[in-house]
A.B. asks: 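Take this structure first; my questions come after.
Here is the naming used below: chain letters follow the sequence lines, and residue numbers restart at 1 for every chain. The analysis underlying the following values was restricted to heavy atoms, covering all of them including side chains, and did not include hydrogens, waters or symmetry mates.
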Amino acid sequence: MGAIQAIRGTRDILPNEVSYWQHAEATARTIFQRAQYQEIRTPIFEATELFARGIGEATDVVGKEMYSFTDRGDRALTLRPELTAGVARACIQNGLLKPGSLQRLWYTGPTFRYERPQAGRQRQFHQVGIECLGSDSPLADVEVIALATDLLQALGLRSLQLDINSVGRGEDRQRHRQALVDYLTPHKADLDADSQDRLTRNPLRILDSKNERTQTIVQDAPQLLDYLSPESRRHFEQVQASLNDLGIAYQINPRLVRGLDYYTHTAFEIQSADLGAQATVCGGGRYDGLVATLGGADTPAVGWALGMERLILLLQELQASPTTAPDFYVVSRGAIAQARALVLTQKLRQQGFGLEFDLSGSGFGNQFKRADRSGAIACLILGDEEAAQGKISIKWLPTQTQDTWTQDRLLTSPDSLRQTLAQLRETLAASQT
RNA sequence: GCGAGUGUAGCCAAGAGGUCAAGGCAGUGGAUUGUGGUUCCACCAUGCGUGGGUUCGAAUCCCAUCACUCGCCCCA
C-alpha cells in the first residue's frame, strides 16, 4: 500500500535473470572483438533534433514514440529511441570518419520508446548493435549480417528466419511510391481504414497490411524491387551471392520495409516464431545517407540492432538458468571461530575459490541445510574445537566424508584443493545424468 | 492511441455477498544448543492491485484508477 512501483513499461532485471544477460553480452563481445569491432558508448539522451533529422519526422518513432522533454536550460532533449543516430553523431563530432577509412563499432545500452507495453515490448528496453561505417561494398552488408547470425547461433538459438530486401535509394522509392499511389487510389474505397490513412502518409506500409481484402488488392501492386536502379539491383544481387557463399539461409521479402527513414539498399530482419506479435529479434540495413544528413561527410554505412529483452526471452525458453554454486560453504559457530572463519574465507577467495559465508548465527544443523541448498561441493567447518587448535574441518558433501586439516595446510595447498573439487564435481555431474 | 481480458503471499493458486481467505511450492524456526539432502511439527495475507460506492455485511456487485497480458498500429 502506497509502495512506489517501477513505472509503466519498465522492469527490474533480477539476479535470477541476470545470468542470461551476462551470457548474452559476453558472447556478443567476443564475437564482435573477433571481427575487430570496437565498443562505443554514447549518451542516453541527445538533442531532439538529432532524431527528428536522422530518423525522419514522418516516422512513428519520431512522431509518437519519443520520450522528449526540455531541461532547465530550455534545451529540447530526447531519451534515445535507438542508438544509430547517436553513434553517427559521435563519429562526426569526434572526427572518427576520416576519408577512405573504416569504423567498425558495436554498442549496447538502454533505449526508450513511448509505446503500449506487451510481451517483448517495453518503454525502456535494451539494444545491442553494430555499425560498419565507411564502406559501400555489399560485402560489408554481408559481414554485418553474418555477425548477427553468428551471435544468435553461438547462443544456441534455432528456428530463426532471416528476411532480406532492398529498399533502393531515395529516388527509387519516390518513383515506386508514385506508382503505388497511382495503382491504389482507384481502389481506395475497398481498402481497410488504416490503409486508406496510409495512402498519403506511408503507402509502402499498405503492402504489409494484415487485412485480407487489402491483401488481395495489393497482390498485383507495383513491387519496389522492380523500381530499383541498376546499381541498387546489382548491390542486392551481390549481397545474395555472398550470403549464399557463406551458407546463410535467407528469404527475400519484398514487403520488408523499415520504420526509420535513413535506410537505403539492403534491409533485413531476423524473426522468431516464439515471440508472439513482437517477432523481430534483430533488424537493420544499410543507411548511406544518415551521416551526411547529420552534417558529416558523405559516408556509406550498414548496421543492425538486436533487442536484448526479446533475445533473453528466447534464451530462457531454451535453457535453465546457469547456476552459480560456490566451491565451499563456510559453517562456523562462536564469536572467535566466526571471526577466524571470515579471515580464512577471504584468503581462499583471494586464491580464486568461491565461498559462501554463513551469516545466520543459527545452529550447525541449519547451517548444513543451507550448505546443501547452496550447491557447494564442500563445507568448511570452524567451531570452538577447531579454533582452539588452529584446525579446520572439511566435509566433502557428495561423498559425506570429513577431514580435519590445519588452517595452515588449507591455505597452502590450493592445487590439491582445486583437484579434489574438480573430481567431486565430475562424479556429481555423472551421477546426475 | 484503439479493442478485449486478467489482478488473492516471493511463486502457483481455491474462494462466486454471511465462521477474523483453502491448499501447494519456496522461506524461517524447532525435533537435532557440532553435522545436510528424507521425515515430522510450528510460523508465514488485521488482508484479496489502489481509491471510492452499494449493502446490516464485499476478495465476491458497481464506478474510477493503476499495472500486466493478448490483438491492432509499429518496432528491437
A.B. asks: Atom CZ in A:Arg80, atom CZ in A:Arg113: separation rounded to 0.5 Å?
C.D. replies: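 CZ of A:Arg113 is found 12.0 Å from CZ of A:Arg80.
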A.B. asks: Should the side chain of A:Arg116 and the base of B:C68 be counted as holding a donor-acceptor pair, with the cut-off at 3.5 Å?
C.D. replies: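 Result: no qualifying N/O pair found.
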A.B. asks: Do the ring centers of A:Phe32 and A:Trp106 come within less than 6.0 Å of each other?
C.D. replies: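 Ring centroids of A:Phe32 and A:Trp106 are less than 6.0 Å from each other.
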A.B. asks: Side chains of residues 284-294 of chain A: which donor-acceptor pairs under 3.5 Å do they make with residues two or more places apart or in other chains?
C.D. replies:
unit_1, atom_1, unit_2, atom_2, d
A:Arg286, NE, A:Asp141, OD1, 3.0
A:Arg286, NE, A:Asp141, OD2, 3.3
A:Arg286, NH1, A:Ser135, O, 3.0
A:Arg286, NH1, A:Asp288, OD1, 2.8
A:Arg286, NH2, A:Ser135, O, 3.1
A:Arg286, NH2, A:Ser137, O, 3.2
A:Arg286, NH2, A:Asp141, OD1, 2.6
A:Tyr287, OH, A:Glu131, OE1, 2.5
A:Asp288, OD1, A:Ala301, N, 3.2
A:Thr293, OG1, A:Gly289, O, 2.8

A.B. asks: Output a table of nitrogen or oxygen pairs between the protein and nucleotides 5-10 of chain B separated by less than 3.5 Å.
C.D. replies:
none

A.B. asks: Pick the P atom in B:A16 and in B:G30, then give their distance to the nearest Å.
C.D. replies: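 My reading of the P atoms in B:A16 and B:G30 gives 39 Å.
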A.B. asks: Just the table, please: protein N/O against nucleotides 27-29 of chain B N/O, every pair under 3.5 Å.
C.D. replies:
unit_1, atom_1, unit_2, atom_2, d
B:U28, OP2, A:Arg373, NH1, 3.0
B:G29, OP2, A:Arg370, NH1, 3.4

A.B. asks: What nucleic acid atoms does A:Gln400 come within less than 4.0 Å of, heavy atoms only: base, sugar-phosphate, or nothing?
C.D. replies: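 If one applies the 4.0 Å heavy-atom cut-off, A:Gln400 turns out to touch a base.
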A.B. asks: Any sub-3.5 Å donor-acceptor pair from A:Asp327's side-chain atoms to A:Gly354's backbone N or O?
C.D. replies: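 Such a contact is found between A:Asp327 side chain and A:Gly354 backbone.
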A.B. asks: Would you classify A:Arg11 as touching base, sugar-phosphate or nothing, given that sugar-phosphate means primed atoms plus P, OP1 and OP2, and contacts are heavy atoms under 4.0 Å?
C.D. replies: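 A:Arg11: no heavy atom of the nucleic acid under 4.0 Å.
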A.B. asks: So what does A:Gln278 touch, heavy atoms closer than 4.0 Å: a base, only the sugar-phosphate, or nothing?
C.D. replies: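 A:Gln278: base contact, heavy atoms under 4.0 Å.
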A.B. asks: Which nucleotide, in any strand shown, forms a Watson-Crick or G-U wobble pair with B:A16, with both distances under 3.5 Å?
C.D. replies: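 Checking every strand shown, B:A16 finds no partner, since no pair has both distances under 3.5 Å.
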A.B. asks: Check step by step if side chain to side chain donor-acceptor pair (under 3.5 Å) holds for A:Gln367 and A:Arg370.
C.D. replies: CA-CA 5 Å; A:Gln367 294 196 49; A:Arg370 275 190 282 271; over 6 Å; no
A.B. asks: Please work out if A:Glu269 contacts a base, only the sugar-phosphate, or nothing of the nucleic acid, heavy-atom cut-off 4.0 Å.
C.D. replies: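 Nothing, no nucleic acid heavy atom in range.
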A.B. asks: Let me check something: any side-chain donor-acceptor pairs from residues 274-283 of chain A under 3.5 Å, sequence neighbours excluded? List them with distances.
C.D. replies:
unit_1, atom_1, unit_2, atom_2, d
A:Gln278, NE2, A:Gln118, OE1, 2.8
A:Thr280, OG1, A:Glu269, OE1, 3.2
A:Thr280, OG1, A:Gln271, NE2, 3.2

A.B. asks: Scan A:Glu386 against the nucleic acid and name what it touches under 4.0 Å (heavy atoms): base, sugar-phosphate only, or nothing.
C.D. replies: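 A:Glu386: base contact, heavy atoms under 4.0 Å.
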A.B. asks: Residues in side chain to side chain donor-acceptor pair (under 3.5 Å) with A:Arg205, at least two apart?
C.D. replies: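 Scan of A:Arg205 (side chain to side chain donor-acceptor pair (under 3.5 Å), adjacent residues dropped) gives none.
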A.B. asks: Could you pick out which residue, A:Gly9 or A:Gln271, lies toward the 5' side of RNA chain B when each is mapped onto its nearest nucleotide?
C.D. replies: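 Closer to the 5' end of RNA chain B: A:Gly9.
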A.B. asks: Answer with yes or no whether A:Arg205 presents, from its side chain, a donor or acceptor under 3.5 Å of a partner atom in the base of B:C73.
C.D. replies: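 Donor-acceptor pair under 3.5 Å: no.
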A.B. asks: Which residue lies toward the 5' end of RNA chain B, A:Arg8 or A:Gln127, if each is placed at its nearest nucleotide?
C.D. replies: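 Nearest-nucleotide comparison on RNA chain B picks A:Arg8.
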A.B. asks: May I ask whether A:Phe364 stacks on the base of B:G34, given the cut-offs of 5.5 Å between ring centres and 30° between planes?
C.D. replies: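 So yes, this residue stacks on that base, both cut-offs being met.
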A.B. asks: Using a 4.0 Å heavy-atom cut-off, does A:Ala371 contact any base of the nucleic acid, only the sugar-phosphate backbone, or nothing at all?
C.D. replies: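 Nothing, no heavy atom under 4.0 Å.
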A.B. asks: Please list, one pair per line, the donor and acceptor atoms closer than 3.5 Å that link side chains of residues 388-397 of chain A to other protein atoms, with sequence neighbours excluded.
C.D. replies:
unit_1, atom_1, unit_2, atom_2, d
A:Ser393, OG, A:Glu386, OE2, 2.8
A:Ser393, OG, A:Thr404, OG1, 3.4
A:Trp396, NE1, A:Asp403, OD2, 2.9

A.B. asks: Name the pairing partner of B:A76, where a pair is Watson-Crick or G-U wobble with both distances under 3.5 Å, or state none.
C.D. replies: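 B:A76 is paired with nothing.
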A.B. asks: Does A:Arg333 reach a base, just sugar-phosphate, or nothing at all? Heavy atoms under 4.0 Å.
C.D. replies: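 Answer is sugar-phosphate: A:Arg333 comes under 4.0 Å of backbone atoms only.
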A.B. asks: Could you tell me which nucleotide pairs with B:A26 by Watson-Crick or G-U wobble geometry, both distances under 3.5 Å, or answer none if nothing does?
C.D. replies: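 Across any shown strand, B:A26 pairs with none.
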A.B. asks: Please confirm whether any donor atom in the side chain of A:Gln367 sits under 3.5 Å from an acceptor in the base of B:U35, or the reverse.
C.D. replies: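 Flag unset: no donor-acceptor pair detected.
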A.B. asks: Taking B:U6 as the reference, what is the distance to B:U60 when you measure between their P atoms (whole Å, please)?
C.D. replies: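 Between the two P atoms, the distance is 15 Å.
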A.B. asks: Just to be sure I understand the rule, does A:Gly375 reach a base, reach only the sugar-phosphate, or reach nothing, if contact means heavy atoms closer than 4.0 Å?
C.D. replies: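 Nothing, no heavy atom under 4.0 Å.
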A.B. asks: Mind checking if A:Gly363 touches a base, just sugar-phosphate, or nothing, with heavy atoms under 4.0 Å?
C.D. replies: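 No contact at all - A:Gly363 keeps every heavy atom at 4.0 Å or more from the nucleic acid.
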A.B. asks: Looking for any heavy atom pair under 4.0 Å, which part of the strands does A:Leu311 touch: base, sugar-phosphate only, or nothing?
C.D. replies: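 No contact.
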A.B. asks: Which nucleotide, in any strand shown, forms a Watson-Crick or G-U wobble pair with B:G5, with both distances under 3.5 Å?
C.D. replies: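 Base-paired to B:C68.
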A.B. asks: What is the nucleic acid contact for A:Gly120, judged by heavy atoms within less than 4.0 Å: base, sugar-phosphate only, or nothing?
C.D. replies: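 Since a base atom lies under 4.0 Å of A:Gly120, the category is base.
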